[in-house]
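For reference, the structure is listed below as structure tokens.
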Amino acid sequence: MVDKKNSEIITAEKSDTSKLVKASVNVLTDPTQSSLVFTSTVDKMEIPKDYHKLVKVCRFFYKHDPIAGTVINKMVDCAITPLENRKSKCTDEEYEVYNALSEMLQEFYRNVCLEYLLSGLVVPHYEWVRKKGSDLSPKLNSRRRIVVPDNIWFRDPATITIKNSPIPNKKYFYVEVDPDTIRFIKSKGKLKDGTFDKETYDELVKNYPEFVKAVQELTGNRLKVKLEDIRPILSKTLPEDAYPIPYMENALESLMHKRNMRKMDYSIASRVIAAIQLIKLGNDEYPCTDEEDFVDIKNQMNYRTLSGQSERIYQLFANHTLQIEWVYPDTAAMLNQEKYRSIEDDIISAFGFPRTLITGETLRSNVQGGSDFAAFSPIATMETIRDKLIDWTIELYKEIRDANGFKNYPIPSFKPLRLYRLMDLSMIGQSLYMEGNISRQTRMEIVGLDFETELERKKNEQQRFKDEGIPEAPVVPFSSPSIGKQPDQTLEREESQ
């Protein structure tokens, strides 16, 4: 009897210690899910010390960061206002030649301003062509041949090497010629696809004969050419450095920090998209010990993906111990946008650009005043860029004067910046006009009106008022008896008196 009882107890113990079913993983392919790709362009908080790598990072954030891209674009749009030429001592013919180049220079200045803010290094080049006077302007004589710059462009800073010279404030500029250009010149215009571009090759020979000769005499496939007779446009440079300081350099550390935090948010979001579905079968009272029970559940769950598409509703048959749960990561950190506020404040401070000019509003509501003072910083930066462009333009005008035998050249200038409140500008313009210090044209330009357009409209309105018999001046109480009457009626009244 004892042995029988003991055997029953042992049997019960064996049943209590039965092994549970092992956990398994089932990966379902969701056709609607797209993977997140993280580029390796900016992976660390390290700011490159090499100038060319630094410029590459600046270009990356200009293209991908909304604050950096918006600030740079608005700086370009605000800084490059229409170019004007003051006639000075120029003749009518000379003045017309320089004015004919304004449209070409305007677009060139926008590209120069963008490159100046990204890299701080702009090396312009242009070709000289001889054109008929009538091709430049209908006011010029067609028999007159005029030499003007054409096809103005600037080199990619990634191909330029700068070296300091023993003489202070003097630098040597070298350009690295890419293998495709070397192959093109050595083959006298042969492209990669085997075709020939004879016209482009002839232009290179005509405008850059020394460069073509140096490439043709080259024995290897790499060449650095020293640039002569150039007038580069550089931003601020430290005495010990050969390369200029990019405008975005002070903001790079904060931009990298912001990008790494955004990558953290993307990582959490990817875990939410690729969520874990936890399926439990059995509990402490009814443990699952049969592997076939799990296999049956898995087959039912996998049936919906056999066709290659995930169904939104499906039927599942199981006992009362089945539990299905979703395992999500904590998304509180991802949804909290306050973590970006301090970083974005640092970025905006590094650019020295007020928030009101980026989004049109302040950080806090009902905050007034200080907008004019906040605009001083970007205005100073834009005025510096404009001054450099004007200095470069004056030297270009001198070359045009010497090439055509002119005696004088005009004084170029940009129209004033209008980054103040319209009401303040209007009051300033009205005060100056009433004092007789500015012309009507300048007064209209201050508030954004075109003088020629308004003059033509007034002329048309005056003639129409006369034809329709409508007085030009409105009638108001206690106005002069002549107000509201046509000039002929006023003259008849005065003669009768």
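Just so it is clear, the values below take in all heavy atoms, side chains as well, and ignore hydrogens, waters and symmetry mates. Residue numbers count from 1 along this sequence.
- Here the side chain of S88 pairs no donor or acceptor atom with the backbone of C90 at under 3.5 angstrom.
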* Is there a side-chain contact (heavy atoms from CB on, under 4.5 Å) between R143 and K132 once you walk through the steps? -> CA-CA 7 Å; R143 297 181 180 179; K132 296 181 180 179; over 6 Å; no

* To do: Any chance you could lay out the salt bridge (Lys or Arg N to Asp or Glu O under 4.0 Å) test for R144 and E93, step after step, and finish with the verdict?
  => CA-CA 10 Å; R144 181 79 158 89; E93 181 187 33; 3.2 Å; yes

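- Between K258 and D65, at least one side-chain nitrogen of the basic residue sits less than 4.0 Å from a carboxylate oxygen of the acidic one, meeting the salt-bridge criterion.
- For the pair P149 and I400, the minimum side-chain heavy-atom distance is below 4.5 Å.
- Rounded to the nearest 0.5 Å, atoms CG (L117) and SG (C58) are 10.5 Å apart.
- The heavy-atom pair separating Y51 from P244 by the smallest distance is CE1-O, 3.6 Å.
- Residue-environment remark: NZ (K139) stays at or below the threshold of 12 foreign heavy atoms within 6.0 Å.
- A donor-acceptor pair shorter than 3.5 Å cannot be found between the side chains of E84 and S413.
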* Working for salt bridge (Lys or Arg N to Asp or Glu O under 4.0 Å), residues K459 and E456 -> CA-CA 5 Å; K459 180 180 178 181; E456 185 177 352; over 6 Å; no

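- Using a cutoff of 4.0 Å between basic side-chain nitrogens and carboxylate oxygens, E203 and K206 are not scored as salt-bridged.
- Of the possible polar contacts, one joining the S119 side chain to the E115 backbone as a donor-acceptor pair under 3.5 Å is found.
- Considering only heavy atoms from C-beta on, R231 stays 4.5 Å or farther from D391 through its side chain.
- Judged by a 6.0 Å distance limit and a 45° cone about the ring axis, R401 is not positioned over the six-membered ring of Y98.
- Here the side chains of D156 and T159 are in contact, with some heavy-atom distance below 4.5 Å.
- One finds a salt bridge joining E338 and R341 here, because a Lys/Arg side-chain nitrogen approaches an Asp/Glu carboxylate oxygen to under 4.0 Å.
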* To do: Test side-chain contact (heavy atoms from CB on, under 4.5 Å) on V175 and R155 and set out the steps.
  => CA-CA 9 Å; V175 60; R155 295 189 178 274; 3.7 Å; yes

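- A salt bridge links K398 with E395: at least one charged nitrogen is closer than 4.0 Å to a carboxylate oxygen.
- Atom NZ of K192 is separated from atom CZ of F184 by 13.0 Å, given to the nearest 0.5 angstrom.
- The NZ atom of K171 sits 14.5 Å away from the CG atom of L227 when rounded to the nearest 0.5 Å.
- Although no hydrogens or angles enter the test, the distance criterion places no donor-acceptor pair under 3.5 Å between the side chain of S254 and the main chain of I347.
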* For side-chain contact (heavy atoms from CB on, under 4.5 Å), just list the numbers for T237 and I245, CA-CA rounded to whole Å, side-chain angles, deciding distance to a tenth of an Å, and then say yes or no. => CA-CA 6 Å; T237 306; I245 302 174; 5.9 Å; no

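- N260 contributes atom CG, which lies 11.0 Å from atom CG of L255 (distance to the nearest 0.5 angstrom).
- The closest side-chain heavy-atom distance from V55 to R59 is below 4.5 Å.
- Centroid-to-centroid, the aromatic rings of W392 and Y397 stay 6.0 Å apart or farther.
- Ring planes of H125 and W153: parallel class, angle under 30° (limits at 30 and 60°).
- Taking CD1 of I67 as the reference point, atom CZ of F61 lies at 12.0 Å (rounded to 0.5 Å).
- When side chains are defined from C-beta on, M261 does not count as touching D265, because their heavy atoms never get closer than 4.5 Å.
- Smallest separation of non-hydrogen atoms from I182 and V177: CG1-CG1, 3.7 Å.
- Electrostatic pairing of D197 and K190 does not count as a salt bridge here, judged by no charged N lying under 4.0 Å from a carboxylate O.
- Residues A68 and M248 approach most closely at CB-CE, 4.0 Å, considering heavy atoms.
- In this structure, Y116 and K388 approach most closely via the heavy-atom pair OH-CE, 3.3 Å.
- If you take OG1 on T161 and NZ on K224, they are separated by 3.5 Å, rounding to the nearest 0.5 Å.
- Relative orientation of the F60 and H64 rings is parallel, given thresholds of 30° and 60° on the angle between their planes.
- With hydrogens and angles ignored, the 3.5 Å screen pairs a side-chain donor or acceptor of D178 with a backbone N or O of D180.
- Between T91 and N408, the closest side-chain pair of non-hydrogen atoms is not below 4.5 Å.
- Figure legend: cation-pi geometry between K163 and Y174, with NZ or CZ positioned under 6.0 Å from the six-membered ring centre and within 45° of its axis.
- Of all the heavy atoms in L83 and Y109, the pair that sits closest is CD2-CE1, 3.9 Å.
- Counting only distance, with no hydrogens or angles, the side chain of E94 and the backbone of K407 share a donor-acceptor pair below 3.5 Å.
- Side-chain contact annotation: R386 with T81, donor-acceptor N/O pair under 3.5 Å present.
- Closest approach of L121 to P157, counting heavy atoms only: O-CG, 3.7 Å.
- The shortest distance between side-chain heavy atoms of Y247 and L118 does not fall below 4.5 Å.
- Using a 3.5 Å distance cut-off with no hydrogens or angles, the side chains of D387 and T384 do not pair a donor with an acceptor.
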* Would Y243 and H52 count as a side-chain contact (heavy atoms from CB on, under 4.5 Å) if you check the C-alpha gap in whole Å, the side-chain angles of each, and the deciding distance to 0.1 Å? -> CA-CA 10 Å; Y243 293 93; H52 298 93; 3.5 Å; yes

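- A heavy-atom distance below 4.5 Å is found between the side chains of L252 and L54.
- Residue D229 qualifies as open at atom CG: its count of foreign heavy atoms under 6.0 Å is 12 or below.
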